[in-house]
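Scroll down for the structure; my scribbles are underneath it.
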Amino acid sequence: MKNVLITGGAGFIGSNFIRYLLKAEPDVQIINIDALTYAGSLANLEHLPDNTRHTFIQGDICDSVFVERIVEQYQVDTIVHFAAESHVDRSIAGPTPFIQTNIVGTFTLLQAAYNAWGKSENKNDFRFHHISTDEVFGSLLPDSPTFTEITPYDPRSPYSASKAASDHLVRAYYHTYGLPVTITNCSNNYGPYQFPEKLIPLIILNALQGKHLPVYGDGKQVRDWLYVEDHCDAIHLVLKKGKLGETYNIGGENQPTNIEIVNMICAILDELKPASLPYASLIQYVSDRPGHDRRYAMNIEKIKQELNWSPKHTLANGLRETVEWYLLNIDWVNLIMSQNNYQNWLNKKYQNQEEIK
Ligand code: NAD
Ligand code: TYD
């Protein structure tokens with residue numbers, strides 16, 4: 001791995017991965033392409049450990065001329081593909097960019113990778129790594145076994161359907177053309193630099209502003225949560241030691257309900273930043289997300305056994321570190337919240353959500 005192209009490196013996980021890789025691999029050069037949609041920000045890339053080895057170029061992964069030029073110009077040998085539209089609620093409100101970026105964008109990148117790999121003198125050193133999600137597997141019943149790498153795909157939102165399509169394309173390039181690919185399917189991430197539309201930062205920031213804490217439906221939906229640094233660690237390991245053509249599930253090995261997560265955050269805030277009333281008094285049950293997946297749960301035995309990876313953070317200490325990070329980085333929060341019509345999106349969303357008494 002010498003010249004690593006990261007797509008979506010100005011977003012939440014991509015920017016954390018760039019920080020991680022600059023430390024873990026002292027000789028790599030990183031080329032970061034990102035369209036800077038509402039979810040991407042250069043503020044996520046401030047204070048990198050070694051900025052001389054990071055080049056940011058604004059551009060769209062659906063633009064084949066742009067992508068081909070970058071791959072050739074920087075002699076890219078490794079692609080780590082994070083760029084995506086990533087928020088389920090937005091995919092319900094407007095699926096078009098999800099189809100475009102997640103499916104057409106992945107296809108465009110695969111094509112550029114295939115061309116570059118074909119011309120490469122070191123074919124064995126080339127890699128296309130695709131970042132995917134547990135949501136492609138669909139929704140589990142309370143007692144169903146956890147998702148493994150061979151669980152059939154059953155996506156149920158425009159977001160998960162578009163990610164499933166992109167996973168299929170990546171596998172097709174491996175089976176049909178031999179492109180050296182690996183795929184990771186990961187559970188819900190949380191940690192520093194997460195855009196505040198997602199549950200954990202949204203709850204932290206609403207609580208600090210004394211706003212209501214919206215819990216969809218009965219709040220008993222289950223997710224598996226992984227601290228973002230543990231995700232970066234797993235991706236790095238798959239890049240170094242993963243088998244070509246293989247998929248690895250990644251997860252935090254926990255299965256809290258949403259209301260449990262919200263209560264955990266409230267308890268941490270009560271301790272670190274006490275207010276006149278307990279933060280849990282701000283909890284409000286609101287109308288449910290259409291087609292809301294009830295439960296995701298990951299079986300991570302394969303990556304544990306084959307690559308000796310397991311998450312280092314428990315949910316309790318990961319959540320505490322995350323709350324502390326948001327408390328310490330209020331300038332970042334204010335900047336992100338003022339950008340890209342975020343407030344308009346939230347207001348519109350809340351107009352459509354009824355409070356459940
Ligand atoms: P994010 O929304 O925070 O960041 C996505 C980044 O992609 C943004 O910087 C955005 O500007 C960029 N982008 C979007 N469209 C683009 C385009 N057409 N061209 C170039 N750049 C574009 O997302 P995230 O949470 O960091 O997720 C990263 C990846 O990880 C996604 O593929 C997502 O499906 C996957 N994933 C996320 C989670 C999670 O909990 N966040 C869990 C599992 C998998
Ligand atoms: P989210 O962070 O949007 O991730 P995903 O939909 O990809 O799992 O949501 C996590 C869970 O929290 C999901 O079950 C929906 C729920 N949720 C709420 O209850 N309230 C909220 O305001 C948000 C954003 C999510």
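This is a predicted model, so every value here is computed, not measured. Whatever order the structure lists them in is the order used to number ligands and atoms, beginning at 1.
From the protein, the heavy atom lying nearest to atom 15 (C) of ligand 2 is His292 NE2, 3.4 Å. Taking atom 16 (C) of ligand 2 as the reference point, the nearest protein heavy-atom neighbour is Asn258 ND2, 3.4 Å. Looking at atom 19 (O) of ligand 2, its nearest protein heavy atom turns out to be Tyr216 N, 2.9 Å. Protein heavy atom in closest approach to atom 4 (O) of ligand 2: Asn188 ND2, 3.3 Å. Taking atom 7 (O) of ligand 2 as the reference point, the nearest protein heavy-atom neighbour is Glu135 OE2, 2.5 Å.
Between Phe17 and His231 there is no side-chain heavy-atom pair separated by less than 4.5 Å.
Taking all heavy atoms of Lys198, Arg223, Arg289, Gln194 into account, the minimum distance to atom 9 (O) of ligand 2 is reached by Arg289. Relative to atom 24 (C) of ligand 2, the option among Arg90, Gln221, Glu197 with the closest non-hydrogen atom is Glu197.
Contacts between Leu199 and ligand 2 below 4.0 angstrom, taking non-hydrogen atoms only, involve backbone and side chain alike. For Ile200, no heavy-atom contact with ligand 2 is shorter than 4.0 Å.
Taking a 6.0 Å sphere around CD of Glu324, one finds it holds more than 12 heavy atoms contributed by other residues, nucleotides or ligands. Around atom CG of Asn344, more than 12 heavy atoms belonging to other residues, nucleotides or ligands sit under 6.0 Å away.
As a member of the Ile/Leu/Val/Met/Phe/Trp/Tyr network built from side-chain separations under 4.5 Å, Val286 groups with Tyr216.
By the 3.5 Å distance cut-off applied to N or O atoms, Lys349 is not counted among the residues near ligand 2. Annotation: Pro214 places an N or O atom under 3.5 Å from an N or O atom of ligand 2; distance criterion only.
Within 4.0 Å of ligand 1, protein heavy atoms come from Gly8, Ala10, Gly11, Phe12, Ile13, Asp34, Ala35, Leu36, Thr37, Ala39, Gly40, Gly59, Asp60, Ile61, Phe82, Ala83, Ala84, Ser86, Thr101, Ile131, Ser132, Thr133, Tyr159, Lys163, Cys186, Ser187, Asn188, Asn189.
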